[in-house]
Amino acid sequence: QVQLVESGGGLVQAGGSLRLSCAASGRTFSSYYMGWFRQAPGKEREFVAAISRGGGGTYYADSVKGRFTISRDNAKNLVYLRMNFLKPEDTAVYYCAAKRTSNWSSNDYDYWGQGTQVTVSS
């Protein structure tokens, strides 16, 4: 069982930056692939980024590639999402998720956080 708590959301102007954090409970954090997802009002939840167990592999949605960076600190049970050059269309609730399987599939995550709101003003 993994419990996930996101933080770092807020209001930022277009072109600005934010860093989201996700704190995970438990002693097996390094055994999970971690991902970030987002859900905008009236839209389905979509994949944003994922990172492998050791942090050596990352995978991004095309819409954020080159602007967002996912990273993790296994010693601290933390995963981050650095978001640069934010756009109004990045406005959404951002969720952290964890899964046991070792692949880049986005539909088999086992655990989810409660989400943190990111609002980008134009």
Side-chain angles (χ1 to χ4, degrees):
Q1 187 82 12
V2 176
Q3 292 185 323
L4 304 171
V5 179
E6 302 95 336
S7 62
L11 174 64
V12 63
Q13 288 188 328
S17 298
L18 278 177
R19 189 181 76 162
L20 305 183
S21 299
C22 173
S25 65
R27 286 180 270 182
T28 59
F29 176 69
S30 61
S31 66
Y32 292 92
Y33 266 54
M34 299 299 296
W36 285 96
F37 292 75
R38 67 187 181 186
Q39 187 167 19
K43 295 188 177 181
E44 293 188 354
R45 186 170 59 195
E46 65 174 355
F47 168 79
V48 174
I51 190 165
S52 61
R53 293 168 176 167
T58 56
Y59 185 69
Y60 297 92
D62 287 343
S63 58
V64 306
K65 202 172 294 183
R67 299 189 298 124
F68 291 11
T69 302
I70 188 171
S71 61
R72 67 189 297 165
D73 184 338
N74 285 345
K76 297 181 178 179
N77 282 18
L78 290 168
V79 62
Y80 304 102
L81 185 68
R82 177 68 180 182
M83 306 184 294
N84 295 328
F85 307 109
L86 282 161
K87 306 174 182 179
E89 50 264 44
D90 293 319
T91 295
V93 177
Y94 282 72
Y95 298 92
C96 174
K99 66 173 185 174
R100 297 183 184 89
T101 53
S102 301
N103 56 53
W104 298 122
S105 172
S106 62
N107 60 8
D108 59 348
Y109 279 78
D110 302 298
Y111 304 103
W112 296 84
Q114 295 295 312
T116 185
Q117 176 71 46
V118 172
T119 303
V120 185
S121 63
S122 57

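Predicted, not measured: the structure shown is a model, and the values here were computed from it.
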Do the non-hydrogen side-chain atoms of Arg72 and Ser52 ever get within less than 4.5 Å of each other?
no

For Ser31 and Thr28 the tightest heavy-atom approach is OG-O, 2.6 Å

Applying side chain to side chain donor-acceptor pair (under 3.5 Å), which residue pairs with at least one partner in residues 4-15 are found, sequence neighbours left out?
none

Decide yes or no for Gln117 and Thr119: does some side-chain heavy atom of the first lie under 4.5 Å from some side-chain heavy atom of the second?
yes

All salt bridge (Lys or Arg N to Asp or Glu O under 4.0 Å) counterparts of Lys65, not counting sequence neighbours:
Asp62

Side chain of Asp108, backbone of Lys99: donor and acceptor closer than 3.5 Å?
no

Nearest heavy-atom neighbours spanning Pro88 and Ser122:
CG-CB, 3.8 Å

Residues which pass ring-ring contact (aromatic ring centres under 6.0 Å, His included) with Phe47, listed by chain and number, not counting sequence neighbours
Phe37, Tyr59

CZ/Arg19 to OG1/Thr69 distance, rounded to the nearest 0.5 angstrom?
11.5 Å

Check whether any side-chain heavy atom of Arg38 sits under 4.5 Å from a side-chain heavy atom of Ser63, and report yes or no.
yes

Are a donor atom and an acceptor atom from the side chains of Ser71 and Arg82 found within less than 3.5 Å of each other?
no

With sequence neighbours left out, write down each residue that passes salt bridge (Lys or Arg N to Asp or Glu O under 4.0 Å) with Arg100, or none if nothing qualifies.
Asp110

Neighbour count >12 (heavy atoms, 6.0 Å) for atom CD, Gln39
yes

CD (Glu89) with more than 12 external heavy atoms under 6.0 Å:
yes

What one should report as the nearest heavy-atom pair of Gly113 and Tyr95 is O-CD2, 3.6 Å

Reported OH-to-SG distance for the pair Tyr109 and Cys96, which is rounded to 0.5 angstrom:
9.5 Å

Members besides Val64 in its Ile/Leu/Val/Met/Phe/Trp/Tyr cluster (side-chain heavy atoms under 4.5 Å):
Val2, Leu4, Val12, Leu18, Leu20, Phe29, Tyr32, Met34, Trp36, Val48, Ile51, Tyr60, Phe68, Ile70, Val79, Leu81, Met83, Leu86, Tyr94, Tyr111, Val118, Val120

Can you list everything that forms a salt bridge (Lys or Arg N to Asp or Glu O under 4.0 Å) with Arg67? Sequence neighbours excluded, please.
Asp90

Is there side-chain contact between Tyr33 and Ser102, with heavy atoms separated by less than 4.5 Å?
yes

